[in-house]
Amino acid sequence: MKNKIINRRNFIKGGLGGAVVASQLKGKESQAAGAFDHYPDSMGVLVDVTRCVGCRSCEAACNQEQGLPEPEKPFNDYSVFDEVHPHGGHGREERRTTEYNYTIVNKYNVPGVDHPLFRKIQCNHCLEPACLTSCFVNAYSKTPEGAVVYDPTVCVGCRTCMIACPFYVPTFKYGSAFKPRIMKCVFCHETRLKEGRPPACVEICPQEALTFGKRTDLLEMAKSRIRSNPDKYVDHIYGEKEAGGTAWLYLSPVEFDKVGFDVHVPHEPVINFVRDFLSIVPMVLLIWPALFTGFHLLSNRKDAKSQHDEDNQEV
Amino acid sequence: MSQGKNVQRTLCIIAVGSALFWSGLGYAMDASDAPEVITMDSLENHYDPVEFNHLEHTEMAACTDCHHHTLGIPPTNESCVKCHENSPEADVLSCGDCHLTDRFGIEALATLDDPQLYHRGTPGLKGAYHLNCVGCHQEVGGPIGCEDCHTMKDAGKKMFKAGKYAPVSKGEKGGH
């Protein structure tokens, strides 16, 4: 069953193949790369999985800060960790971010570890965001502070960003066909980050499992934690290189795939795939409707993948 | 210096004897110098204050498990010994004198611009308390539930959508 599934990244790689034709557009390519200088002082968050106790305070604080809809259960109801979500991320049946939750904490029972581990998910705020580069109407921007933010007024609801994101983060707000809206963590940019304050989740975390700071300082801090506790951490900072580098970084006591991370995310910025893909944009304008339908079908197939061979009749 | 003042300022309940002791003598402290019960309320916001039985804890743990080397006792943590074995008693003892409440504020983050600073990941006060208290409790079987040490106040319930702010059931899976 799994083989039949076209995952989003493979799809983009597939698009790449088709776009090799367009490789004569070299000029455009290098321009795109140059246009993407990193902001050296941009902020980030270091998530230390060894410290998280799964209290869901971050989920609660996020909901309050962002004025998100009422949850199904109170945030201190820990039965959510045992829920099975057929549409979960990464082909697992786990909770994922939705238009109601910009952040989610999931629980992992890892063999050989005598207590459960918890891992927080939210937008990783890539240094070279695939959502941004894949967006035909420039609805996304990366702020100098480090946030990847989104402008709903220009969004046409094509959902390419959802397919481009290597972390399955942006979600689409349904029931608003005429007013499309992508929902995802915005690093509390408008309410906090802009003024140099940490996002709400970081501020509430009792265990300081979330550390806010300059990304460069955080990397140094992460390395020092690994160096002084080599038995406590695996020697890897997830997000230092993944997807070309992300503002949110992670430390873990076990191999990252055991706590829900996709360890196959390429280290090259996803932008490099997308960039080739983008060179077919002029073509896209011609075949937009067909392409659009394609995206739609693909994302439906993705949704349907764990729906146990239930055929997608709408095809 | 001003240790006496510190003690008075920080603690709700404290042995008066300790303050006297403080001002003069130069040797390391023991349990008799410590307060019995401390009401911890400097961060009070989502939760009620914590009644911390200091005396009871001094019977279960070494002073250095919580106070580092700051009492003038060499640290037990082996990753600290190599530099702090001979460190003197610190000028300040209260956790909040070194662990900042506004840990991620602009000024706090700016301290990292000093390349001479050795400790660059010192947790904030909330983090220091929980890493210390919950960390040990996890290992030895003390209370770890969020409401074991402090009950939730109205502000907390509002944030967690708990108690009277609980969502009206949407008829989904039970579990309340």
Side-chain angles (χ1 to χ4, degrees), chain A residues 41 43 45-46 48 50-51 53-57 59-65 68-84 114-115 192 195-200 202-214 216-218 220-225 227-229, chain B residues 43 45-47 77-80 99 102-113 118-135 137-139 144-147 149-150 152 155-163 165-176:
Chain A
D41 279 350
M43 308 302 281
V45 174
L46 175 63
D48 191 331
T50 68
R51 291 185 178 183
V53 293
C55 69
R56 301 184 69 210
S57 300
E59 292 186 34
C62 175
N63 176 282
Q64 189 173 53
E65 176 81 13
L68 295 173
E70 181 174 85
E72 235 162 60
K73 300 173 182 176
F75 287 103
N76 57 353
D77 182 338
Y78 300 109
S79 67
V80 295
F81 291 137
D82 304 320
E83 287 174 2
V84 174
D114 60 2
H115 55 89
R192 292 163 163 270
E195 294 146 27
R197 289 167 59 222
V202 170
E203 195 166 276
I204 198 68
C205 179
Q207 291 278 108
E208 210 168 303
L210 310 176
T211 303
F212 173 73
K214 269 188 211 158
T216 46
D217 287 337
L218 295 177
E220 192 195 321
M221 225 176 266
K223 284 172 191 156
S224 134
R225 276 188 209 172
R227 217 184 308 117
S228 32
N229 304 282
Chain B
L43 299 175
N45 181 7
H46 297 95
Y47 296 90
N77 184 338
E78 45 186 273
S79 51
C80 319
H99 296 279
D102 192 14
R103 157 83 169 88
F104 300 115
I106 292 168
E107 304 94 85
L109 293 184
T111 60
L112 293 177
D113 294 338
Y118 175 73
H119 290 296
R120 308 177 71 81
T122 310
L125 186 56
K126 175 153 48 73
Y129 285 147
H130 292 97
L131 289 171
N132 180 238
C133 316
V134 181
H137 287 184
Q138 272 174 334
E139 274 171 31
I144 53 173
C146 302
E147 294 201 70
C149 292
H150 39 41
M152 215 184 258
K157 290 185 181 139
K158 208 165 174 177
M159 185 183 82
F160 275 94
K161 307 286 180 288
Y165 303 98
V168 260
S169 175
K170 291 186 181 150
E172 266 259 339
K173 310 145 194 127
H176 300 288

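Worth saying up front: this structure is predicted, and the values here are computed from it rather than measured. Just so it is clear: chains get the letters A, B, ... in the order the sequence lines come, proteins before strands, and each one is counted from 1. Atom set for the values below is all heavy atoms of this structure, side chains included, hydrogens, waters and symmetry mates excluded.
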Starting at [atom1] of [X], measure out to [atom2] of [Y] and round the result to the nearest 0.5 Å.
X        : Y        : atom1 : atom2 : answer
A:Ile204 : B:Met159 : CD1   : CE    : 4.0 Å
A:Gln64  : B:Lys158 : CD    : NZ    : 7.5 Å
B:Arg120 : A:Glu220 : CZ    : CD    : 4.5 Å

For chain B, which candidate among [options] shows the most heavy-atom pairs at distances under 4.5 Å?
options                              : result
A:Pro206, A:Cys55, A:Ser228          : A:Pro206
A:Thr211, A:Leu218, A:Leu46, A:Asn63 : A:Thr211
A:Arg197, A:Met221, A:Glu59          : A:Met221

The ring pair (Phe, Tyr, Trp, His ring centres under 6.0 Å) partners of A:Phe81 (sequence neighbours excluded) come to A:Phe118
With a 4.5 angstrom heavy-atom cut-off, could you sort out which part of [X] is near chain B: side chain, backbone, both or neither?
X        : result
A:Arg51  : side chain
A:Ser224 : neither
A:Asp217 : side chain
A:Val53  : side chain

Which heavy atom of A:Pro74 sits nearest to which heavy atom of B:Ala162, and what is that distance? CB-CA, 4.2 Å
Is B:Asn132 close to chain A through its backbone or its side chain, or both, or neither, when contacts mean heavy atoms under 4.5 Å? neither
Is the shortest side-chain heavy-atom distance between B:Leu109 and A:Lys214 below 4.5 Å? no
Do A:Asp77 and B:Phe160 have side chains that get closer than 4.5 Å, going by heavy atoms? no
Please, which pairs that meet salt bridge (Lys or Arg N to Asp or Glu O under 4.0 Å) have at least one residue in residues 203-213 of chain A, sequence neighbours excluded? A:Arg192-A:Glu203, A:Glu208-B:Arg103
